[in-house]
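Let me begin by presenting the structure, written as C-alpha cells, before commenting on it.
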Amino acid sequence: MSKGITSRSEDYSKWYNDIVQKADLAENSGVRGMMVIKPYGYAIWEKIQAQLDKMFKETGHQNAYFPLLIPKSYFSKEASHVEGFAKECAVVTHYRLKNSPDGKGVIVDPDAKLEEELIIRPTSETIIWSTYKNWIQSYRDLPLLINQWANVMRWEMRTRLFLRTAEFLWQEGHTAHATQAEAWTETTKMLDVYAEFAETWMAMPVIKGAKSASERFAGALETLCIEALMQDGKALQAGTSHFLGQNFAKAFDVKFTDQSGKLDYVWATSWGVSTRLMGALVMAHSDDNGLVLPPKLAPIQVVIVPIYQKIEQLEIIRTEVNKITEQLKIKGISFKFDDRDSQRPGFKFAEYELKGVPVRLALGPRDIEQGTIEVVRRDTLEKSVVQQVGIVEYIEKLLEDIQQNIYQKALNFRNENIRKANSYDEFKTILNEKGGFILAHWDGTPETEEQIKSETKATIRSLPFEYEKEEGICIVTGKPSERRVLFAKSY
RNA sequence: CGGGGCAUAGCGCAGUCCGGUUAGCGUAUCUGGUUUGGGACCAGAGGGUCGCAGGUUCGAAUCCUGCUGCCCCGACCA
C-alpha cells in the first residue's frame, strides 16, 4: 500500500521501526542504544510534557532539577535499590582527556582519576533523598511534592527506538509525606493522573493495577502501574507509581518532628513516565499507511493542500485558506498550509498520512467555484466534500470525533483481547494462538510466577484493580487463589 | 553478553564467491521546461576516504586480522 512501510501482518517489529523512522519521529545515532529524537517526534513529546506538567501542577507539585551524576556512595545506601540498578549503571571515573602520545586523537588522562566515582543516574531517588534530608525537619515542611523532567541512563542490552533506549527522557516525581496514608493516597492519585492522561490524551485505554512482588521497583513496598495492549497482542507498561514506605527515609536519615514533638521517618512515593509513551502512541493507533495520532497530541492537527495549475489560482486559494486559518487560530487548532510547489498534491497526501496528521483539507478550483472543500480524516481515511461555510466548526467536531473514535477502536481491541483461562493448557493455547491479556488464578507465590514465565514467556502484568475478587484455584499448582491476575507477554 | 545477518552517494541496493579500465543502478538532490483533484514527465548536472584501522599484493570494495556500529533471535529491563 504505502511506499516503504512494512505491513503489520508481514513483520510487526519492522512496521514499528519503519513508522518511527519514516514519520520522522526518531533515528538511531552513532552511539550504541541511543537515539536522536527528531523535530516532529520531539514536538509530540513536548505536547505530552505540556499536558502532564499541567496535571502535576494542578495536583500541587512543583518542578525542580537534580544532578545527572550521583556519587557512588549514595547508591549503596538502600540495599534493594542497588541490587535493582547496579547491573545497568554507567560510571564516570575520570575528569580529563589529553592528546594521545602517538598523535592520533585523545585518550583518557590516567592522572585525572576521580577520588569517588560518579554514577550517571538511572533514576534519582538517592540524590534526591540525600537532598531532602536537609529540606525536611518538621511536619510543616510536609508534604514535599517535587517533580523533575530529566534524562536518565540505563545500560540496556537490547534497545528499540522509544521502547527501550540506553538514554531516555522522562519525568520523575518524588514526594515526602508525614503519614503512610497520605503517601499511599499520593501513590494512587498519580496513577490516576497517568491513567487519565493515557485515556483522554493518548486515546489509549489502560488497566490500573499493582505489580507482583518480583516486578516491583527496586526499593518500593508497592508498585502500581498502568498497562496498555499493543496491536500485536503484547502488553506495554506505560507508567508506574511507587509507594516507597520509609525505605529511603531510613536509608538517607530523613526524619521530621510531628505535631506532638515526636521524631519519625517520612513516607515517600515516586512516579514516572518516559519517552516510552511515544512508542506506545505509535503502536496503539497506527496502521499500514503510517502513523495515526490522536488530535490532542498531534503537532499539526489540520493540513491544507492547495490544488492548482496556475500561480494565479494558488493566490485565489490562498485568500480562501486565510479565511479558514484565521478562524482555526482563534479556536486554537494547529494547522499547516502546504503551498510547496516542489511536490504534487498526491505526494503530499501520502506524506501527511505517513505522519499521522488527523485532518487533511484539499482546496482546488472546483471547490472555489462551488464553495466546497474536501476533508479527509486520517483515522478512517474517509473522504467527504463539505461546504466551506461552517468548515471550522465541522473540523472542530471532527477532531473530537477522531479522538473518540481511535480511543473506542483501541478499547474494543483491548476488550476483545482480555480472556479468562481456567487451566494451564487453556492459558497456553490462548497465549500462543491469540495473545493479549489473560486473566487467570495464581497461587500468589514467586515460584509459580517464575515457572509460568520461563515456560510460556508470559509475565504477571498486574493484580488489576478493576476485576473483583473471585475464589478459584491456581492454574499451575491447583492451590487456592482469591483473585485472578493479569498475564501477558510484554515489551 | 551469546548465536545469526549486515555495513558501497541522503535513502534502498548490485558488484565481493573467482583481486585488474574512470565503482554502477533505482530513488532523492540541483538547473531548465512541461505539469498539478492520490506518491508526475523530459533534458541536463552535482554527489563516494566502498564503516574504521592494520596486513597480503605490482594492484584491494573484493583476500586476511582486529575494531566499531546497525538489524534479527535469546538471557535482563521502563
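Bear in mind that the values here come from a model prediction, so they are computed numbers and not experimental data. Lettering follows sequence order; numbering is per chain, from 1.
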Length of the NZ-P vector between Lys14(A) and C71(B), whole Å | 13 Å

At under 4.0 Å between heavy atoms, what does Arg360(A) touch on the DNA or RNA strands: base, sugar-phosphate, or nothing?
-> base

Is the shortest distance from a Lys or Arg side-chain nitrogen in Asp287(A) or Arg378(A) to a carboxylate oxygen in the other one below 4.0 Å?
-> yes

Hey, does the side-chain of Glu353(A) have a donor or acceptor N/O within less than 3.5 Å of a partner on the base of G38(B)?
-> yes

Gln343(A) has its side chain closest, among G37(B), U29(B), C73(B), to U29(B)

Phosphate OP1/OP2 of G38(B) contacted by Asn289(A) side-chain N/O (<4.0 Å) | no

Knowing that exactly one of Ile127(A), Ile128(A), Asn151(A) qualifies, which makes a side-chain contact (heavy atoms from CB on, under 4.5 Å) with Arg121(A)?
-> Asn151(A)

Asp341(A) side chain, from C-beta outward: closest of U36(B), A75(B), G38(B) = U36(B)

Sugar-phosphate only, base, or nothing, as touched by Gln21(A) at under 4.0 Å among non-hydrogen atoms = nothing

Atom NZ of Lys348(A) and atom P of A40(B): how far apart are they, to the nearest Å?
-> 11 Å

Residues of residues 294-312 of chain A with any non-hydrogen atom less than 4.0 angstrom from an atom of RNA chain B: list those, numerically ordered, please.
-> Ile307(A), Tyr308(A), Gln309(A)

Would you call the rings of Trp170(A) and Phe168(A) parallel, tilted or perpendicular if under 30° counts as parallel and over 60° as perpendicular?
-> perpendicular

Integer angstrom distance from the P of C58(B) to that of G19(B) = 15 Å

Spacing of CD1 belonging to Ile207(A) relative to CD belonging to Glu466(A), to within rounding of 0.5 Å | 5.5 Å

With sugar-phosphate meaning primed atoms plus P, OP1 and OP2, does Phe168(A) contact a base, only sugar-phosphate, or nothing at under 4.0 Å between heavy atoms?
-> base

Could you give the distance from CD1 (Ile119(A)) to SG (Cys89(A)), rounded to the nearest 0.5 Å?
-> 5.5 Å

Considering heavy-atom distances to RNA chain B, does Glu156(A) or Asp11(A) have its closest nucleotide positioned more toward the 5' end?
-> Asp11(A)

Report the distance from atom OH of Tyr16(A) to atom C1' of C72(B), rounded to the nearest whole Å.
-> 16 Å

Taking C-beta and beyond as the side chain, do Gln301(A) and Ile395(A) meet within less than 4.5 Å on heavy atoms?
-> no

Within the 6.0 Å centroid threshold, strictly below: Phe85(A) and Phe217(A) = yes

Answer with base, sugar-phosphate or nothing: what part of the nucleic acid does Gly279(A) contact at a heavy-atom distance below 4.0 Å?
-> nothing

What is the nucleic acid contact for Thr165(A), judged by heavy atoms within less than 4.0 Å: base, sugar-phosphate only, or nothing?
-> base

Considering only atom C1', compute the distance from A61(B) to G24(B) and round it to an integer number of Å.
-> 12 Å

Write down the distance between CD (Glu369(A)) and P (G37(B)), rounded to a whole number of angstrom.
-> 17 Å

G59(B) to A23(B) separation - C1' atoms, rounded to the nearest Å = 16 Å

With P as the reference atom in both, quote the distance from A60(B) to C1(B) in angstrom, rounded to an integer.
-> 34 Å

How would you label the contact of Leu163(A) with the nucleic acid (heavy atoms, under 4.0 Å): base, sugar-phosphate, or nothing?
-> base

In whole angstroms, the gap separating C1' of U36(B) from CD1 of Ile316(A) amounts to 16 Å

C41(B) pairs with which nucleotide, Watson-Crick or G-U wobble, both distances below 3.5 Å?
-> G33(B)

Taking 4.0 angstrom as the limit, do Asp288(A) and Arg8(A) come out as a salt bridge?
-> yes

Are OP1 or OP2 of U36(B) and a side-chain N or O of Arg340(A) less than 4.0 angstrom apart?
-> no

Between His81(A) and Trp129(A), does the ring centroid distance fall short of 6.0 Å?
-> no

The salt bridge (charged side-chain N to carboxylate O under 4.0 Å, His left out) partners of Lys208(A) (sequence neighbours excluded) come to Asp192(A)

Residues that Phe162(A) engages under ring-ring contact (aromatic ring centres under 6.0 Å, His included), provided they are two or more places apart | none

Side chains of Trp155(A) and Pro122(A): closer than 4.5 Å at any heavy-atom pair?
-> no

With 3.5 Å as the limit, what N/O pairs link the protein to nucleotides 9-11 of chain B?
none

Report yes or no: is the cationic atom of Lys428(A) (NZ for Lys, CZ for Arg) closer than 6.0 Å to the six-membered ring centre of Tyr424(A), at no more than 45° off its axis?
-> yes

Would you mind classifying the nucleic acid contact of Lys211(A) as base, sugar-phosphate or nothing, using non-hydrogen atoms under 4.0 angstrom?
-> nothing

Considering only heavy atoms and no angle criterion, is a donor-acceptor pair shorter than 3.5 Å present between the side chain of Lys383(A) and the base of G38(B)?
-> yes

U29(B) and G20(B), which share atom name P, separated by this distance in whole Å | 35 Å

N-O pairing of Glu315(A) and Arg318(A) below 4.0 Å | yes

Could you tell me the separation between the CD atom of Glu455(A) and the C1' atom of G74(B), rounded to a whole number of Å?
-> 18 Å

Find out whether His242(A) and Lys211(A) are in side-chain contact, i.e. whether some heavy atom of one side chain is under 4.5 Å from a heavy atom of the other.
-> no

Expected list for residues 188-209 of chain A near RNA chain B, using heavy atoms below 4.0 Å, is none

Euclidean distance for P, A45(B) against C63(B) (whole angstrom) | 34 Å

If you measure from the C1' atom in A53(B) to the same atom in G12(B), how many Å do you get, rounded?
-> 28 Å

Counting heavy atoms from C-beta on, name the nucleotide in A75(B), C72(B), G38(B) closest to the side chain of Ala350(A).
-> G38(B)

Looking at Asn17(A), does any N or O in its side chain come under 4.0 Å of the phosphate oxygens OP1/OP2 on C70(B)?
-> no

What is the base-pairing partner of G51(B), counting Watson-Crick and G-U wobble geometry with both distances under 3.5 Å?
-> C67(B)

Relative to the 5' end of RNA chain B, which residue comes earlier, Thr275(A) or Asn28(A), by the nucleotide with the nearest heavy atom?
-> Asn28(A)

Can you tell me the distance, in whole Å, between the CZ atom of Phe347(A) and the C1' atom of U35(B)?
-> 16 Å

With P as the reference atom in both, quote the distance from G15(B) to A9(B) in angstrom, rounded to an integer.
-> 15 Å

Would you classify Ser274(A) as touching base, sugar-phosphate or nothing, given that sugar-phosphate means primed atoms plus P, OP1 and OP2, and contacts are heavy atoms under 4.0 Å?
-> base

Quick note, Val376(A) side chain, CB onward, closest among A78(B), G38(B), G37(B) is G38(B)

For atom CG of Leu161(A) and atom C1' of C70(B), their distance in whole Å = 11 Å

Of all residues at least two apart in sequence or in a different chain, which pass the side-chain hydrogen bond (donor to acceptor under 3.5 Å, both in side chains) check with Glu374(A)?
-> none

Does a side-chain N or O from Arg344(A) land closer than 4.0 Å to OP1 or OP2 of G37(B), or not?
-> yes

Of all the choices, A78(B), A75(B), G37(B), which nucleotide is nearest to the side chain of Ala362(A) once you look at every atom?
-> G37(B)

